[in-house]
**Student:** 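Mind looking over this structure? Questions follow.
Every number for a ligand or one of its atoms is a count from 1 in the order of the listing. We use all heavy atoms of the structure for the numbers below, so side chains are in, but hydrogens, waters and symmetry mates are not.
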Amino acid sequence: MSNNSYVIGFPRIGEKRELKKVLESFWAGECSFDTLQKEASALKKRHWLYQKEAGIDFISSNDFSLYDNMLDTAFMLGAIPKRFANLQKEELYFAMARGTSQLPAMEMTKWFNTNYHYIVPELSLKDNYKLDSTKVIQEYKEAKALGLKTKINLIGPLTFLGLSKRVDGKDTYELLGNILPLYIKLLEELSLLEDELYIQIDEPIFVKDNETKVLSLIKPTYDKLGSISAKLKLIVTTYFEHSNEATGIFVNTPIWALGLDFLYGKENLQSLEFIKKSGKKLIAGVIDGRNIWKSDLQKTLNLLEQIAKVVQKEDIIVSSSCSLLHVPFTLKYENKMDPQIKDWLSYALEKLDEIKLCATLFSKTNLDTKEQKALEANEQSAKSRKTSSLIHDKSVQQRVASLSLFERVEPYEKRIKLQKELLGYKNLATTTIGSFPQTAELRKVRRDYKANLISKEEYENVMKNYIDECVAFQEECGLEVLVHGEPERNDMVEYFGEQLKGYGFSQNGWVQSYGSRCVKPPFIYGDISRPKAMTLDWITYAASKTDKIMKGMLTGPVTILNWSFVRDDLARSEVSKQIALGLSDEIDDLQKAGIKIIQVDEAAFKEGYPLRKSKIKEYENWAVRDFKIAVAKAFPTTQIHTHMCYSEFNDIIKTIEAMDADVISIETARSGNELLKVFKKVGYKQEVGPGVYDIHSPRVPSVAEITKQIKLLLEVLPKEQLWINPDCGLKTRKWDEVKPSLINMVKAVKQVREELSI
Ligand code: GLN
Ligand code: ZN
């Protein structure tokens with residue numbers, strides 16, 4: 001047996017989201033913890049068997065989790081925040097993840113540049129760190145009982161610390177002295193399990209730009225961990241980017257292998273010489289673990305051959321580029337998809353076969369008939385993707401190539417004058433971010449319409465009634481720039497994707513986002529175009545119901561891109577440009593129909609930032625360019641708004657300014673006016689709508705509170721530059737929270753205007 005196929009980690013949510021279902025039923029008190037554990041064991045078993053059947057040589061244990069692996073690691077180390085001190089076992093575990101009625105949950109944040117969110121450990125010098133290896137060992141034994149000798153996955157100590165925060169705000173790496181002895185103890189315990197045992201230690205922190213001080217921790221840490229027992233073979237993995245600085249150090253420690261991502265970190269090729277010299281094994285991440293496309297195996301083999309020019313073939317193990325956690329489970333249930341498109345895709349289960357086949361092809365020259373057939377089928381899919389008219393659209397390509405309008409015709413100073421004249425809005429103009437509460441009725445009607453259970457007319461009537469109510473309420477409470485409320489949108493990306501050519505949707509393409517929560521991102525498989533107007537009818541209908549200004553609402557190109565699986569046969573920057581062109585047509589249609597303010601949401605602008613500083617400029621350049629392409633056709637009098645769900649603009653304020661939107665609304669309520677100061681500091685010219693109340697909580701803010709908040713804003717920016725709005729869209733809130741909140745917001749503005757004679 002060749003022993004050269006490897007999977008970094010496997011999804012745990014289940015092919016039919018079984019884990020989600022049992023977790024939620026446990027949380028609702030509908031089943032016992034015992035039932036939850038039984039279901040978890042059944043899932044683990046099934047997932048191991050899938051990998052075994054596919055012939056994968058290196059299968060993991062401890063990649064499973066009831067909530068999150070970082071949380072598991074904190075738990076394993078006894079890093080329990082003080083407020084949870086009175087809880088134990090599963091109650092403690094889930095309280096840390098989700099909070100209780102009395103205790104706030106731990107913070108959650110994005111895992112590198114993926115859409116997975118991990119629990120951020122809260123460390124303190126006073127913690128009573130103590131090893132609890134139960135889960136790690138139990139999971140290993142569970143697999144062994146099925147006849148599988150797994151590698152054991154651990155999050156490495158340096159990544160654990162790098163991604164944690166300290167309650168006193170100080171450097172987390174200072175706690176290495178507390179944590180490392182526990183890792184040593186853990187490895188000692190594990191070495192008692194077998195005569196030979198593989199341990200995968202994830203250290204993805206080293207794909208970021210690290211300070212020399214942090215890099216200098218690698219050698220002493222791994223000299224220790226690597227010399228605990230000759231029975232243990234340590235495999236250090238990084239993913240999502242290159243880790244060249246760290247690789248140069250890891251090769252001089254007594255680890256057995258290094259796992260590198262050669263798809264998202266091509267620069268890792270520069271480290272091959274080091275690896276060769278060290279004689280270590282190389283886990284070569286060459287099958288895309290975070291995108292849904294079937295590999296073109298010929299290309300993958302070429303890449304492996306390129307690697308093999310330096311590192312000996314026998315030392316190369318073929319692997320997924322990262323854990324398969326980031327892709328959906330299986331294509332098996334996708335029975336509504338166009339078969340041709342489906343043939344281009346590969347989810348986790350299908351990727352197992354790709355890894356195995358690739359490993360086989362790489363290590364042997366004589367293929368058996370089955371392997372030969374599989375290779376031919378792969379070549380066929382790759383060929384069809386290169387030529388299919390579903391993907392390649394000449395007219396889109398020509399349009400992109402001859403693109404000439406990148407900027408708005410007039411500069412901001414001129415535009416804003418014209419706009420103020422035409423629109424006549426006051427200082428501290430009030431508006432909202434777009435969506436109003438998504439009721440159960442709305443969701444049902446949308447679903448029924450999709451399933452052909454109700455007629456178009458019935459569907460439209462419900463939507464129109466909702467819009468009527470939204471408009472009536474906004475007029476009643478005195479808001480100045482109105483919105484239609486977005487009742488027709490299930491999701492701010494999917495809604496547009498469904499209407500753009502080149503976009504695909506899955507039925508069962510769920511990916512874990514955090515805990516039990518999954519998302520089903522749409523995917524871009526071909527050249528993008530807009531066959532017909534996407535929002536025009538709804539917006540013009542809403543506008544016809546009021547004399548006030550109706551704001552049109554679109555999702556921006558970068559956000560559409562960042563929240564989708566994107567084709568891998570065209571640069572992201574080109575895909576984004578195509579989306580931008582589609583949106584520019586929409587803006588033109590809207591303005592020609594009399595819509596005078598159009599908001600282009602870029603909620604996910606920041607999410608697309610690269611992990612390495614050296615790559616940021618390039619991203620910013622095309623991301624800004626494409627936002628500008630989308631809005632370039634706007635008349636000077638058409639006011640372009642954008643919205644971003646952040647407030648941390650310190651590093652990117654110049655980039656935000658360069659987007660040249662006339663008005664930007666941002667999420668600032670929770671940070672007072674602190675984060676607004678950077679706008680003043682850099683002399684930001686355009687208008688700003690800093691959120692004056694937090695929409696993530698059901699709490700209704702009082703007039704006094706909002707008044708205070710507005711005054712704080714006025715300390716930073718002049719009244720002429722300020723808009724007043726909530727932090728974000730209101731779709732997740734209930735009407736009986738939204739109504740009093742907005743009424744109070746409008747009252748507060750009135751009060752401030754009177755008081756300060758604005
Ligand atoms: N217009 C969208 C809404 O109001 C914006 C949401 C977002 O930025 N996440 O829901
Ligand atoms: Zn938002």
Side-chain angles (χ1 to χ4, degrees), residues 110 115 117 430-439 442-443 446 463 466-467 470-471 473-474 479 481-497 513 517 519 521-522 534-535 538-539 542 550-564 583 586-587 590 595 597-608 623 627 630-631 639-649 656 659 661 663-671 675-676 688-697 723-735 737-738 741-742 745:
K110 274 162 71 77
N115 219 342
H117 299 73
T430 52
T431 190
T432 59
I433 306 304
S435 59
F436 271 85
Q438 287 272 339
T439 58
L442 279 183
R443 282 195 208 100
R446 277 201 312 260
M463 297 300 136
Y466 185 92
I467 293 175
C470 280
V471 172
F473 166 69
Q474 293 173 83
L479 278 153
V481 171
L482 311 196
V483 297
H484 77 297
E486 305 182 18
E488 77 287 13
R489 303 186 190 178
N490 35 359
D491 173 278
M492 62 188 287
V493 171
E494 192 167 277
Y495 177 77
F496 290 92
S513 173
R517 188 167 154 81
V519 292
M534 304 182 281
T535 63
W538 298 120
I539 307 289
M550 179 57 62
K551 177 161 71 166
M553 203 57 65
L554 304 174
T555 303
V558 184
T559 296
I560 292 186
L561 188 85
N562 284 342
W563 281 344
S564 306
L583 289 168
E586 188 74 17
I587 291 182
L590 286 168
I595 303 302
I597 299 187
I598 300 166
Q599 180 172 309
V600 182
D601 290 326
E602 282 294 18
F605 187 87
K606 226 174 139 181
E607 291 188 16
F627 180 84
V631 304
Q639 186 167 72
I640 296 294
H641 289 215
T642 187
H643 165 72
M644 293 192 183
C645 303
Y646 328 99
S647 44
E648 287 269 358
F649 289 108
I656 302 300
M659 289 168 72
V663 182
I664 181 173
S665 59
I666 56 173
E667 196 171 305
T668 36
R670 276 180 289 190
S671 55
L675 294 159
L676 194 62
V688 188
V692 292
Y693 78 85
D694 175 18
I695 60 93
H696 299 286
S697 126
W723 285 65
I724 302 299
N725 43 259
D727 255 352
C728 192
L730 303 166
K731 61 181 162 234
T732 56
R733 297 268 62 91
K734 299 202 167 65
W735 272 113
E737 298 152 10
V738 164
S741 301
L742 288 177
M745 184 181 95

**Student:** How long is the span from the CE atom in M553 to the CD1 atom in I598, to the nearest 0.5 Å?
**Tutor:**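 M553 CE to I598 CD1: 10.5 Å, rounded to 0.5 Å.
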**Student:** Quick one: pull up OH in Y693 and CD1 in I724 and give me the separation to the nearest 0.5 Å.
**Tutor:**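 It is 12.5 Å, given to the nearest 0.5 Å.
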**Student:** Rounded to the nearest 0.5 Å, what separation is found between the SG atom of C645 and the NZ atom of K606?
**Tutor:**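 C645 atom SG to K606 atom NZ measures 11.5 Å (nearest 0.5 Å).
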**Student:** In terms of side-chain heavy atoms, does H484 have a donor or acceptor partner in Q474 at a distance below 3.5 Å?
**Tutor:**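 Side-chain D/A pair, H484 to Q474: absent.
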**Student:** Please tabulate, one line per pair, the protein N or O atoms found under 3.5 Å from any N or O atom of ligand 1, giving the distance to one decimal.
**Tutor:**
| residue | atom | partner | partner atom | Å |
| --- | --- | --- | --- | --- |
| ligand 1 | 1 (N) | I433 | O | 3.1 |
| ligand 1 | 1 (N) | E486 | OE2 | 2.9 |
| ligand 1 | 1 (N) | D601 | OD2 | 2.6 |
| ligand 1 | 4 (O) | I433 | O | 3.3 |
| ligand 1 | 4 (O) | S435 | N | 2.9 |
| ligand 1 | 4 (O) | S435 | OG | 3.1 |
| ligand 1 | 8 (O) | H643 | NE2 | 3.3 |
| ligand 1 | 10 (O) | S435 | OG | 2.7 |
| ligand 1 | 10 (O) | K731 | NZ | 3.1 |

**Student:** If I take atom CG from residue L675 and atom CD from residue E667, how far apart are they, to the nearest 0.5 angstrom?
**Tutor:**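 Those atoms lie 11.0 Å apart.
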**Student:** Any chance NZ of K110 has more than 12 other-residue heavy atoms, nucleotides or ligands included, within less than 6.0 Å?
**Tutor:**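 Correct, the count exceeds 12.
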**Student:** Taking only protein atoms, how many N, O or S atoms are found under 2.8 Å from the Zn ion (ligand 2)?
**Tutor:** 3
**Student:** Taking atom types as modelled, find out whether T732 and Q438 have a side-chain donor-acceptor pair closer than 3.5 angstrom.
**Tutor:** no
**Student:** To the nearest 0.5 Å, tell me how far I666 CD1 sits from I656 CD1.
**Tutor:** 9.5 Å
**Student:** Looking at D727, N725, L730, which hits side-chain contact (heavy atoms from CB on, under 4.5 Å) with I433?
**Tutor:**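 Per the side-chain contact (heavy atoms from CB on, under 4.5 Å) rule, the option paired with I433 is N725, out of D727, N725, L730.
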